[in-house]
Structure formats: structure tokens, C-alpha cells
Amino acid sequence: MNDDQLIMTFVSTVLALIIGGVITWITAKHYYEKASKELSNEAMDLKKNSILLLRGYESLGLVRFSRDEEGRYKGLVHEGKGGLQAQSASINGKDTD
């Protein structure tokens, strides 16, 4: 193999690597952007459905939520009622050990 052939082999190898890298980058970018849009749409659908569920729970009186100034859900309000009754008892007896 002479010097000219060696140089041509080197140049064609470098060009093949560069062209392959560009093609891979373009393809990956296309699929990344597509997947990103799909994920964003799915997240928006999940958010809408979650809000519907929260409103339904609240309208049924199952829970109560706190909201910020713009009406967005901030947290769950815990309300509780309780009572305590106690009786005292005394037992008179002997140990039978």
C-alpha cells in the first residue's frame, strides 16, 4: 500500500465517522423531540384528570383542599373530631397464687 492509498483510507474513514455521527445526531434529535412532545401531552392529560378527581372528591365532601391565591391545590386539610370516655373501676379481691 503506497502513501496515497494510506492517506485516502484515512480521509475516507474520518469522513465516514463524521457523516455517521451527523446522521445519528439528526435521528436521535428527531426522536427525542417527538418523545418530549408526547410526554408533555401525557402529563397535561394526567394533570387534568387528577384535578377532576380532586374536585369530585371535594364535591362529595370526602376531603377538603387548601388553595393558593390563584385557586390551585396546595394541600389537604385534615379535620378531625374525637372524643374520650373513661370510667373508673375498682376490683376487690384476693390473689390466689
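- Between R67 and R72 the shortest side-chain heavy-atom distance does not fall below 4.5 Å.
- Here the side chain of S66 pairs no donor or acceptor atom with the backbone of K74 at under 3.5 angstrom.
- Taken to the nearest 0.5 Å, the CD atom of E58 stands 10.5 Å off from the CG atom of L60.
- The side chain to side chain donor-acceptor pair (under 3.5 Å) analysis of residues 34-52, with sequence neighbours excluded, yields no pairs.
- Residues satisfying the ring pair (Phe, Tyr, Trp, His ring centres under 6.0 Å) test with Y73, not counting sequence neighbours, are F65.
- A continuous path of ILVMFWY side-chain contacts below 4.5 Å connects I51 to L53, so both sit in one hydrophobic cluster.
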Side-chain atoms of residues 10-29: list all donor-acceptor pairs with protein atoms under 3.5 Å, sequence neighbours left out, distances to 0.1 Å.
unit_1 : atom_1 : unit_2 : atom_2 : d
S12    : OG     : M8     : O      : 3.0
S12    : OG     : T9     : O      : 3.0
T13    : OG1    : T9     : O      : 2.7
T24    : OG1    : G20    : O      : 2.8
T27    : OG1    : I23    : O      : 2.9
K29    : NZ     : E33    : OE2    : 2.8

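- Taken to the nearest 0.5 Å, the CG atom of N2 stands 9.0 Å off from the CD1 atom of I7.
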